[in-house]
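Worksheet for the structure shown next.
Given the structure is predicted, the values throughout are model-derived calculations rather than measurements.
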Amino acid sequence: QCWKINYSLAFALHREGAECEYLLGLHELAEKHFGELLQRANTKLEMEDIYRIILTLYVNLNQNKKCSLLASNALKLFDISLPEKPKAYHVLLKLLAIFFQLKFKKIKNLDKYLVKTDDPIQLAITRVFEPAFTAAYHEDPFAFAYIICQEILTSMKYGYTDYTLTAYNGFFSILAQQFKMWKTAY
């Protein structure tokens with residue numbers, strides 16, 4: 001009945017309760033209640049909020065495969081698809097897309113091309129990317145590189161957020177360590 005009387009309050013209280021269960025180490029119970037909240041969520045942003053907490057739970061429990069699958073589902077809310085098992089060519093295509101976008105841009109003018117966004121949807125997307133590439137880092141180097149590149153492309157198109165800064169470090173790592181492109185990475 002509380003959901004009909006005051007949805008916002010009921011959602012907030014149930015969310016906080018599930019998060020408390022998670023913090024108390026009652027992970028299975030928290031996961032169950034977060035699942036119920038996902039079913040009740042009315043907006044993409046409410047769903048992203050719950051997904052992000054579950055993703056963090058999975059990363060902290062070293063359940064990286066579950067995290068990767070859930071992140072993929074969460075990103076679909078925002079029309080972003082990740083290949084189930086990225087291959088080298090997936091990563092190379094994303095790298096080429098980034099290089100193509102940067103080809104005619106001068107590094108000294110980068111501040112004109114990369115602008116900070118406060119769009120709630122873009123913030124939500126980058127909040128999902130963070131645990132996704134953390135999990136992928138431990139599971140699959142191609143998935144890690146692919147997710148980093150996808151986040152870079154998204155930030156180039158819509159603007160960066162505070163969460164995107166970690167992706168730039170990951171991008172540097174990919175270019176420098178994997179491809180030995182130290183100068184380009186800098």
Side-chain angles (χ1 to χ4, degrees), residues 18-19 21-39 41 44-45 47-99 121-158 160-182 184-185:
E19 193 165 15
E21 292 166 347
Y22 158 59
L23 293 171
L24 290 169
L26 305 170
H27 301 133
E28 289 177 16
L29 190 57
E31 192 173 358
K32 175 184 179 256
H33 289 137
F34 284 130
E36 291 169 1
L37 281 166
L38 281 174
Q39 298 298 314
K44 289 180 181 182
L45 291 177
M47 292 179 78
E48 174 275 329
D49 182 50
I50 302 303
Y51 273 128
R52 183 175 38 84
I53 298 169
I54 300 170
L55 291 167
T56 302
L57 181 144
Y58 288 161
V59 166
N60 291 338
L61 294 175
N62 201 29
Q63 295 180 355
N64 297 315
K65 286 212 185 295
K66 283 174 87 171
C67 182
S68 294
L69 289 171
L70 189 67
S72 183
N73 287 338
L75 289 167
K76 286 177 187 171
L77 287 172
F78 306 104
D79 300 319
I80 297 174
S81 298
L82 302 178
E84 191 174 316
K85 186 90 172 114
K87 306 279 188 247
Y89 72 89
H90 290 111
V91 175
L92 290 173
L93 288 172
K94 289 294 177 185
L95 285 169
L96 286 172
I98 292 169
F99 288 143
I121 297 295
Q122 295 311 312
L123 290 168
I125 291 168
T126 58
R127 284 191 301 258
V128 172
F129 273 129
E130 183 121 4
F133 69 68
T134 300
Y137 177 82
H138 297 288
E139 283 296 313
D140 180 350
F142 290 127
F144 171 71
Y146 185 89
I147 293 167
I148 291 287
C149 290
Q150 181 62 55
E151 184 170 0
I152 297 294
L153 285 167
T154 302
S155 74
M156 291 170 77
K157 185 173 183 178
Y158 299 106
Y160 72 90
T161 72
D162 291 338
Y163 294 93
T164 313
L165 301 177
T166 309
Y168 288 118
N169 288 330
F171 187 65
F172 169 81
S173 173
I174 292 164
L175 290 179
Q177 295 175 354
Q178 301 302 320
F179 293 97
K180 309 298 183 214
M181 299 172 72
W182 294 95
T184 303

| Of all residues at least two apart in sequence or in a different chain, which pass the side-chain hydrogen bond (donor to acceptor under 3.5 Å, both in side chains) check with Thr154? | Gln150
Return the minimal non-hydrogen interatomic distance between [X] and [Y], and the atom names on each side.
{"X": "Phe34", "Y": "Ile50", "result": "O-CG2, 3.5 Å"}
{"X": "Ile148", "Y": "Gly170", "result": "CG2-C, 3.9 Å"}
{"X": "Cys67", "Y": "Val59", "result": "SG-CG2, 3.6 Å"}
{"X": "His33", "Y": "Ala18", "result": "CB-CB, 3.8 Å"}
{"X": "Ala71", "Y": "Leu55", "result": "N-CD2, 3.5 Å"}
{"X": "Ala132", "Y": "Ile147", "result": "O-CD1, 3.8 Å"}

| field | Side chain proximity check, Thr126 to Glu130, heavy atoms < 4.5 angstrom | value | no
| query | Would you say Ile121 and Leu45 make side-chain contact, with heavy atoms under 4.5 Å? | reply |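 Ile121 vs Leu45: side chains touch.
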| Between Phe129 and Thr166, does a side chain to side chain contact (heavy atoms under 4.5 Å, CB included) hold up when you go through it step by step? | CA-CA 10 Å; Phe129 273 129; Thr166 309; over 6 Å; no
| query | When the ring planes of Phe99 and Phe171 are compared, do they come out parallel, tilted or perpendicular, using 30° and 60° as the limits? | reply | tilted
| said: Between Lys94 and Tyr146 (side chain of the first, backbone of the second, donor and acceptor by atom type, cut-off under 3.5 Å), is there such a pair? | reply: no
| Just by distance, with hydrogens left out, do Thr56 and Tyr22 show a side-chain donor and acceptor under 3.5 Å apart? |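 No, Tyr22 and Thr56 have no side-chain donor paired with an acceptor closer than 3.5 Å.
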| task | Please check if any side-chain donor atom of Ser155 sits under 3.5 Å from a side-chain acceptor atom of Thr164, or the reverse. | result | no
| field | Derivation and outcome, salt bridge (Lys or Arg N to Asp or Glu O under 4.0 Å), residues Lys32 and Glu36 | value | CA-CA 6 Å; Lys32 175 184 179 256; Glu36 291 169 1; 3.4 Å; yes
Could you measure the distance from the [atom1] atom of [X] to the [atom2] atom of [Y]? Nearest 0.5 Å is fine.
{"X": "Tyr51", "Y": "Leu75", "atom1": "OH", "atom2": "CG", "result": "10.0 Å"}
{"X": "Ile174", "Y": "Cys149", "atom1": "CD1", "atom2": "SG", "result": "5.0 Å"}
{"X": "Tyr163", "Y": "Glu151", "atom1": "OH", "atom2": "CD", "result": "11.0 Å"}
{"X": "Leu69", "Y": "Asn64", "atom1": "CG", "atom2": "CG", "result": "11.0 Å"}
{"X": "Leu92", "Y": "Lys87", "atom1": "CG", "atom2": "NZ", "result": "13.5 Å"}
{"X": "His138", "Y": "Thr134", "atom1": "NE2", "atom2": "OG1", "result": "6.5 Å"}

| field | Verdict with supporting geometry, Gln122 and Phe78, side chain to side chain contact (heavy atoms under 4.5 Å, CB included) | value | CA-CA 9 Å; Gln122 295 311 312; Phe78 306 104; over 6 Å; no
| message | If you apply the rule side chain to side chain contact (heavy atoms under 4.5 Å, CB included), what do you find for Val128 with Leu77, and how did you get there? | response | CA-CA 11 Å; Val128 172; Leu77 287 172; over 6 Å; no
| Set of residues satisfying salt bridge (Lys or Arg N to Asp or Glu O under 4.0 Å) with respect to Arg127, sequence neighbours excluded |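 Partners of Arg127 under the salt bridge (Lys or Arg N to Asp or Glu O under 4.0 Å) test: Glu48.
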| task | State whether the number of non-hydrogen atoms from other residues, nucleotides or ligands found under 6.0 Å of Phe142 atom CZ is greater than 12. | result | no
| Lys66 vs Glu31, side chain to side chain contact (heavy atoms under 4.5 Å, CB included): CA-CA, chis, key distance, verdict | CA-CA 12 Å; Lys66 283 174 87 171; Glu31 192 173 358; 3.3 Å; yes
